[in-house]
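So the structure is just underneath, and the comments pick up after that.
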Amino acid sequence: MPTTKARKAKPSPKKPQAEAHDNQKYDLRTRLIHGSMRTPKWDYSHHVVPPLTSSATFRLSSSQRGARGFFEFACDTIDTTRQVPIYIYDRLDEPTRGMLEENLAAAEAGEMGVCFATGMAAISASICALTRAGDQVVAHNTLYGCTYSLMTNWLPRQGVATRFVDMRNPKEIAKAINAHTRIVYFETPVNPNLELIDIAAVREIVDHANKGRSELEQIRVVVDNTFATPFCQRPLTLGAHMVVHSLTKGIGGFGTDMGGVVIGPKSLHNVLLMYRKDFGGSLSPKPAWNVLVYGLPSLAARMANMQKTAQYVAEWLEQHPKVEKVFYPGLESFPQRDLAETQMVDYRGKFAPGSMVYFTLRDKSGENHAAEKFINYVADKGYCITLAVSLGQIKTLIENPYSMTHSAYLAVDTNKAKKNGHGRGCETNRVEPGGIRLSIGLEDRDDIIADLESGLEHA
Ligand SMILES: Cc1ncc(COP(=O)(O)O)c(C=O)c1O
């Protein structure tokens with residue numbers, strides 16, 4: 001892991017300190033709406049809504065101030081949560097994104113957040129900032145397709161290998177960890193099939209493996225919390241070292257903007273800022289403002305409503321004769337129901353199984369003919385269910401992961417099969433051809449069912 005400049009600097013003189021405000025006593029649902037309220041990032045004590053700043057570069061009163069700004073950026077001795085940073089250039093740091101980062105960190109009970117242009121930019125930063133050639137990542141064998149592609153197509157070019165295991169059995173992780181392992185990476189719930197990984201159990205294994213390792217050799221647990229959102233689950237409180245999100249999904253909530261974030265301990269703040277500065281995937285202030293003003297403040301209200309509908313729809317699907325199986329953590333039949341109840345809880349400790357549903361249809365072909373027919377009918381004739389990738393937004397979305405979001409598995413399989421000269425399929429591919437992913441939105445629940453029902457009639 002690259003170390004950031006260990007520099008000693010005296011704090012700049014006469015910088016306004018953030019006014020202390022005891023907002024910790026308020027429920028997180030309330031704090032998601034009001035944020036830090038008084039932040040050193042920007043003086044908006046007269047605004048009810050935080051301002052959208054939009055300035056690629058910042059006026060500097062003297063070259064000395066410019067030099068000081070560069071010196072203090074990502075500097076170990078400067079605490080920008082307590083004093084106004086010297087803003088220089090948007091790619092490095094800027095106030096609107098900074099306010100969003102404070103609020104996202106609070107939502108996940110983390111010490112800091114660093115926002116990126118997309119979820120994939122955040123995921124690649126979380127891995128690349130912590131690894132170097134020769135290192136190993138241990139990952140769950142089912143991941144969002146582009147994350148799988150990152151690990152199979154791109155990380156190897158940098159000399160970073162990934163070992164895929166079934167993390168539903170945490171003992172598999174212990175077996176896969178070696179002296180080169182630096183990251184244990186997974187999603188929970190898993191995209192697309194909603195498997196759960198026990199975060200606390202993984203941490204226990206990693207703590208054991210970390211014994212006797214130097215700081216640079218530490219293994220860190222990184223969890224993609226995009227499916228659950230912080231409303232349903234806060235991985236840092238369960239043992240993860242870092243959380244990543246696609247802000248494009250549930251947190252952004254309206255499907256208008258892309259974004260990503262890495263949240264974790266202060267000790268990793270500077271390395272992530274330096275990485276973002278040089279690789280350049282910074283989130284622009286305009287999408288940051290939308291997430292800050294619309295997405296995050298409405299997260300709790302949206303998720304509470306959407307997960308009620310998801311429960312209703314999952315129960316309805318489960319009793320339909322054309323449906324083979326349904327996975328939704330809120331169903332009694334969910335194979336990891338006990339884990340779901342302890343791990344997926346809202347801010348008040350109430351079971352929060354989320355807004356994502358996964359199901360398959362009875363299909364004698366063993367391929368995805370029934371799923372394709374059903375999805376195509378819904379895409380053509382449905383009104384409130386849209387065939388589209390992405391998830392977590394106010395509109396209900398449907399897709400076939402095998403041929404769409406997770407097609408990287410098929411591509412990697414096919415290449416491997418060609419190379420090895422034997423049949424299709426690699427041991428890691430558990431994305432089934434007939435799987436259907438449904439991201440429940442805010443529409444009336446019976447309208448969603450009406451579209452599903454007519455699709456099933458024609459499947
Ligand atoms: C679980 C998960 N993580 C990460 C991403 C990537 O996010 P983005 O599309 O914002 O790059 C996605 C996108 O679908 C996702 O589903």
Side-chain angles (χ1 to χ4, degrees), residues 18-42 44-45 47-50 81-82 96-113 115 188-189 199-200 223 225-240 242-245 247 249-254 259 261-266 288-311 329-330 340-356 392-394 440-442:
E19 238 178 277
H21 194 276
D22 181 21
N23 55 12
Q24 292 304 315
K25 66 181 183 201
Y26 293 94
D27 190 273
L28 202 64
R29 182 178 177 131
T30 305
R31 284 190 282 133
L32 289 179
I33 293 168
H34 292 276
S36 324
M37 180 109 121
R38 294 191 180 95
T39 166
K41 305 280 179 203
W42 191 263
Y44 67 92
S45 46
H47 294 71
V48 174
V49 174
T81 59
R82 294 192 52 77
T96 301
R97 184 172 65 228
M99 287 186 276
L100 174 63
E101 286 167 344
E102 283 179 354
N103 293 1
L104 287 167
E108 283 284 8
E111 289 177 350
M112 64 83 199
C115 281
T188 181
I199 300 169
V223 177
N225 199 28
T226 300
F227 259 38
T229 82
F231 177 78
C232 299
Q233 171 180 280
R234 280 126 344 259
L236 297 176
T237 66
L238 298 163
M242 286 205 282
V243 165
V244 291
H245 274 285
L247 299 174
K249 311 292 174 353
I251 292 181
F254 294 89
V261 68
V262 183
I263 300 165
K266 253 189 204 154
W289 187 80
N290 285 343
V291 181
L292 176 69
V293 170
Y294 301 117
L296 202 51
S298 62
L299 174 68
R302 284 184 286 109
M303 283 305 293
N305 199 310
M306 280 153 45
Q307 79 179 3
K308 255 194 217 160
T309 306
Q311 180 76 37
E341 281 182 26
T342 51
Q343 191 159 273
M344 299 189 73
V345 291
D346 69 16
Y347 300 124
R348 295 179 162 237
K350 242 178 97 192
F351 184 35
S355 60
M356 299 299 298
Q393 51 178 272
I394 59 170
I440 299 292
L442 282 178

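All figures in this text were calculated on a predicted structure; none of them were measured in a lab. Numbering starts at 1 and runs along the sequence shown. Values below: every heavy atom of this structure, side chains too, minus hydrogens, waters and symmetry copies.
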Run the side-chain donor-acceptor check on residues 296-306: report pairs under 3.5 Å with partners two or more places apart or on a different chain.
unit_1 : atom_1 : unit_2 : atom_2 : d
S298   : OG     : Y294   : O      : 2.6
S298   : OG     : G295   : O      : 3.2
S298   : OG     : R302   : NE     : 3.0
R302   : NH1    : G250   : O      : 2.8
R302   : NH2    : G250   : O      : 3.1
R302   : NH2    : I251   : O      : 3.3
R302   : NH2    : G295   : O      : 2.7

Please report the interatomic distance CG(L100) to SG(C115), rounded to the nearest 0.5 Å.
4.5 Å

Atom of T237, atom of A109 and distance for their closest heavy-atom approach
CG2-CB, 3.8 Å

CE (M99) and CG (L292) are apart, to the nearest 0.5 Å, by 6.0 Å

Scanning both residues in full, the closest heavy-atom pair of C232 with A352 reads CB-O, 3.3 Å

Let me see the working for L104 and I263 under side chain to side chain contact (heavy atoms under 4.5 Å, CB included), right down to the final yes or no.
CA-CA 8 Å; L104 287 167; I263 300 165; 4.1 Å; yes

So, using side chain to side chain donor-acceptor pair (under 3.5 Å) as the criterion, who are the partners of D346 when residues are at least two apart?
none

Measure across L32 and A107 and return the closest heavy-atom pair with its distance rounded to 0.1 Å.
CD2-CB, 3.6 Å

What residues, two or more places apart in sequence or in another chain, satisfy side chain to side chain donor-acceptor pair (under 3.5 Å) together with Q393?
none

Does Q343 have any side chain to side chain contact (heavy atoms under 4.5 Å, CB included) partners at least two apart in sequence or in another chain, and if so, which?
T188, D198, I199, Q233, L238, L339

What's the verdict on side chain to side chain contact (heavy atoms under 4.5 Å, CB included) for H34 and Y26, showing C-alpha distance, side-chain angles and the deciding distance?
CA-CA 10 Å; H34 292 276; Y26 293 94; over 6 Å; no

Would you check if F227 and S355 make a side-chain contact, meaning some heavy-atom pair closer than 4.5 Å?
no

Residues that E101 engages under salt bridge (Lys or Arg N to Asp or Glu O under 4.0 Å), provided they are two or more places apart
R276

Separation of T96 OG1 from K41 NZ (nearest 0.5 Å)
11.5 Å

Under the side chain to side chain donor-acceptor pair (under 3.5 Å) test, residues paired with T226 that sit two or more places apart:
D224

Locate the shortest heavy-atom distance separating P235 from N225; write the atom from each residue and the value.
CD-ND2, 3.3 Å

Residue pairs passing the salt bridge (Lys or Arg N to Asp or Glu O under 4.0 Å) test with at least one member in residues 26-37, sequence neighbours excluded, are D27-R348

Please name all residues satisfying side chain to side chain contact (heavy atoms under 4.5 Å, CB included) with V293, sequence neighbours left out, ordered by chain then number.
V49, P50, W289

Which heavy atom of V223 sits nearest a heavy atom of A240, and at what distance?
CG2-CB, 3.7 Å

List the residues meeting side chain to side chain donor-acceptor pair (under 3.5 Å) with R234, not counting sequence neighbours, and say none if there are none.
none

Can you list everything that forms a side chain to side chain contact (heavy atoms under 4.5 Å, CB included) with A340? Sequence neighbours excluded, please.
L196, P329, F334, F351

Out of curiosity, N103 CG to I33 CD1, how far, rounded to the nearest 0.5 Å?
11.5 Å

Heavy atoms only: give me the nearest P353-Q311 pair and the separation to one decimal.
CG-OE1, 4.2 Å

For the backbone of K266 and the side chain of E111, can you confirm whether one donor and one acceptor N or O come within less than 3.5 Å of each other?
yes

Working to the nearest 0.5 Å, report the span between CE of M242 and CD of E108.
13.0 Å

